[in-house]
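First up is the structure itself, then whatever we jot down about it.
Computed over heavy atoms, backbone and side chain alike; hydrogens, waters and symmetry mates excluded. Proteins come first, then strands; the chains are lettered A, B, ... in the order of their sequence lines, and each starts at number 1.
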Amino acid sequence: MDKNMEAVAPEEKKSLNFIEQKIEADLAEGKNGGKVQTRFPPEPNGYLHIGHAKAIALDFGMAEKYGGVCNLRMDDTNPQKEDMEYVNAIKRDIEWLGFKWGNILYASDYFQQLWDLAVELIKRGKAYVDEQTAEEIAAQKGTPTQPGQNSPYRDRPVEESLKLFNEMNSGKMEPGKMVLRAKIDMASDNMHFRDPIMYRVMNMPHWRTGNTWNAYPMYDYTHGQCDYWEGVTHSLCTLEFVSHRPLYDLFVDWAKEVAGDDKPMDDNRPRQTEFNKLNLTHILLSKRNLLMLVNEGVVNGWDDPRMPTISAFRRRGYSPEGIKAFIDKIGYTKFDALNQMSLFESAVRDDLNKRAQRVSAVLNPVKLVITNFPEDAVETYTAINNPENEADGTHEIEFSRELWIERDDFMEDAPKKFFRLGPGKEVRLKNSYIVRCPEENCCKKDADGNIVEIYAELIPETKTGEANCNMKIKGKTIHWVSCKHCVEAEVRNYDRLWMVENPRDEVSNYSKEQGKNRIDIEDMRKFINPESLEIKKAYVEKWCTTKKPLDYLQFQRIGYYTPDYDSTPEHLIFNKTVGLKDNWKK
RNA sequence: GGAAGUAUGGUGUAAUGGUAGCACAACAGAUUUUGGUUCUGUUUGUCGUGGUUCGAAUCCACGUACUUCUACCA
């Protein structure tokens, strides 16, 4: 009678990560009215990459899990770097990953509010206009181990600051001439508290607000207040912002005070929580360095399948589900981890195995002649599209006397554990006959000794359902395409772009050794794999011409592939997503 | 010389004072008309030294190592 109880699988308990624990604790305490709201705040100055995907999965994931919204908020406080083009790319990438935002907002929506708050802070003696140069301010700032010094302008009259602040935005003030700073503590251990800059003069139109503003707010002065005004409860960001948190909290406190928010200081406010950035072996995520790869033509654009951008991953044939499964596996902690590419690939393969339709493609062809099959005969077989998913159906393939098989599937002098073709050896041709090579004269060679043709005889009645179909042989099953019925295709095989495990550190260390203070393209070339792209001609079965870009395919026994954007039925192009796991060693 | 954060097998991550578990990787075997998938098994770990406790990966102290912080970037 206990058997029934055992049969019920226990609900798999997944432990909560530290952020989920914190959210649940906040919820239990009734903070922010028991609500969860998040935001994903990209700066629209470049393409999203796999590191952003980790943040996206958390920001949107937490809102979804706890019944709140996640807004998409463009962090557009620096008109010098940002552009509309990126906004669209960012939206497309998030949608492709399968997330939905509540509203699309912009930091620039808050420019007026931020300005008004700044004016009020000046009036309250919490901010002042500093007329020193950037160099002077930097020199005064001190170092982490030495306190800074107060600016001579720190205690200037409120009216003076107010007047100058207005001039900063007039369009007539020379950029760099003056800045608005918060009056906090020049001796603080936290460098961000040493009178941080709130506003700088740029005299530059903003792609959204036009010529309305000439002075623009800084990130630190912007982020917390936007979160607060928007109703964000949990502001999730990466670990390098830990030391910004006290400043984030301070500006939120000030905004609450000025707003006359009578809720207690520790309630009705956003809380910043930091998690570890994604870091993967053999990839590099620095935006500046990726830009260099594009500009120097090391790769063919931001969505070159060797790039770590979301758009490149899409083009390469990784699935959103596979990417998300990987992110789920690595988790969110406070440890500066370096994740292995093998974990990513295993997550992707696991997903693709369920989705990809199986086709035959021969990448390194050599001709196999079935000597006892008539010249002009053709047989048609039914091939299963995906053994992992019966609903995917079947398609037809054709067989004839001359076939292309992989060069690797034949060896004259084979090691003991080689279970493919060779003198006197038998293999199963996938979906077709078992064939046997003769002991003697099993292949023809050219003058240089290269094999140009292999000969084999089919063994009758060995096809599916026939009398000898269950015949046991030592050989494996190999794939093939019929010479007369296949089509030619361009195949782009990608290998890792970086030859070292941790290009982030290796490139930067090398650059320093060269006495440079900035990484340049030559530093990077030192570690770039010169053979990261291999373009080759291949023979694929005809059914492949029906496949659309980004369809998930498996070239049987080789790997996962997807048609490129530029692929057409007349000129097929396939990108390699990832190889199949290969357990065969010599 | 300061401050903040972090430390669990090769890698990543659980265990929230009470049996150190999971995944990837590696290795071995079974199944297989993909050397894929699936299944089974094996190997490998709490940074160090003290302390508190019946009991410590977990709490405390002191070390050590790594990360971050000195942009008019975000």
Side-chain angles (χ1 to χ4, degrees), chain A residues 13-18 21 41-43 45 75-78 80-82 107 130 133-134 137-139 141-148 175-181 188-192 194 196-202 215-216 218-220 222-223 237-246 274 276-277 281 287 326 329-347 349-350 353-354 358 360 384 387-388 417-420 427-432 434 462-464 469-470 473 476-479 501 554-560 579-585:
Chain A
K13 249 194 191 162
K14 219 192 154 227
S15 48
L16 302 178
N17 67 42
F18 78 104
Q21 289 179 31
E43 184 184 15
N45 71 341
D75 223 336
D76 58 347
T77 57
N78 187 349
Q80 199 165 42
K81 293 162 65 181
E82 297 143 9
D130 194 336
T133 63
I137 290 174
K141 194 157 192 173
T143 67
T145 54
Q146 284 175 314
K177 202 86 176 151
M178 52 186 72
V179 290
L180 183 71
R181 298 177 76 181
S188 174
D189 284 328
N190 185 337
M191 298 298 286
H192 299 286
R194 323 254 260 225
I197 290 166
M198 296 162 63
Y199 271 86
R200 77 286 212 191
V201 178
M202 295 189 95
Y216 291 91
M218 302 283 290
Y219 165 86
D220 277 315
T222 305
H223 208 91
C237 63
T238 46
L239 244 20
E240 69 267 30
F241 288 97
V242 167
S243 60
H244 294 244
R245 192 192 333 145
E274 311 84 8
N276 61 344
K277 231 183 191 137
T281 58
K287 218 180 258 183
F326 163 70
K329 278 173 202 249
I330 61 175
Y332 297 88
T333 70
K334 294 164 99 83
F335 177 67
D336 186 34
L338 177 60
N339 295 285
Q340 291 180 330
M341 201 61 186
S342 58
L343 181 62
F344 176 81
E345 292 183 339
S346 108
R349 281 195 198 103
D350 188 48
N353 181 44
K354 290 176 263 172
R358 273 58 170 177
S360 290
I384 293 167
E388 306 293 317
K417 296 226 166 176
F418 183 82
F419 299 125
R420 283 118 95 162
V427 294
R428 154 81 63 187
L429 295 176
K430 177 80 183 171
N431 294 313
S432 181
I434 290 172
T462 51
K463 284 187 293 181
T464 311
C469 74
N470 290 325
I473 55 168
K476 295 279 173 183
T477 299
I478 67 169
H479 65 279
E501 242 203 359
Q554 185 197 96
F555 288 178
Q556 294 180 105
R557 300 210 301 137
I558 300 175
Y560 295 98
L580 251 33
K581 204 198 283 180
D582 185 4
N583 281 330
W584 186 71
K585 279 146 219 143

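Pair assignment for B:A57 gives none, since no Watson-Crick or G-U wobble pairing has each distance under 3.5 Å. Using N1 to N3 plus N6-O4 or O6-N4 for Watson-Crick, or N1-O2 and O6-N3 for G-U wobble, each under 3.5 Å, B:U33 pairs with nothing. Across all strands shown, B:G45 forms no Watson-Crick or G-U wobble pair with both key distances under 3.5 Å. In this structure B:G2 sits in a base pair with B:C69, meeting the Watson-Crick or G-U test at under 3.5 Å. Using Watson-Crick or G-U wobble geometry with both donor-acceptor distances under 3.5 Å, B:C22 finds its partner in B:G12.
Counting atom types as modelled, A:Arg420 pairs a side-chain N or O with a base atom of B:G35 as donor and acceptor under 3.5 Å. Taking only distance into account, the side chain of A:Thr333 never meets the base of B:U13 through a donor-acceptor pair shorter than 3.5 Å. Applying the 3.5 Å distance criterion, the base of B:U33 shares a donor-acceptor pair with the side chain of A:Arg428. Put simply, the side chain of A:Glu388 and the base of B:G36 share a donor and an acceptor less than 3.5 Å apart. You'll find a donor-acceptor pair under 3.5 Å spanning the side chain of A:Gln554 and the base of B:U34, going by distance alone. Side-chain atoms of A:Glu274 stay outside donor-acceptor range of the base of B:G5, with no qualifying N/O pair under 3.5 Å.
When each of B:U67, B:G2, B:C73 is scored by its nearest atom to the side-chain atoms of A:Asp189, the top-ranked nucleotide is B:G2.
For A:Phe418 and A:Trp584, the ring centers sit closer than 6.0 Å to each other.
Of the P atoms belonging to B:U8 and B:A71, the separation is 32 Å, rounded to the nearest Å.
Taking a cutoff of 4.0 Å between a charged side-chain nitrogen and a carboxylate oxygen, A:Glu240 and A:Lys277 qualify as a salt bridge.
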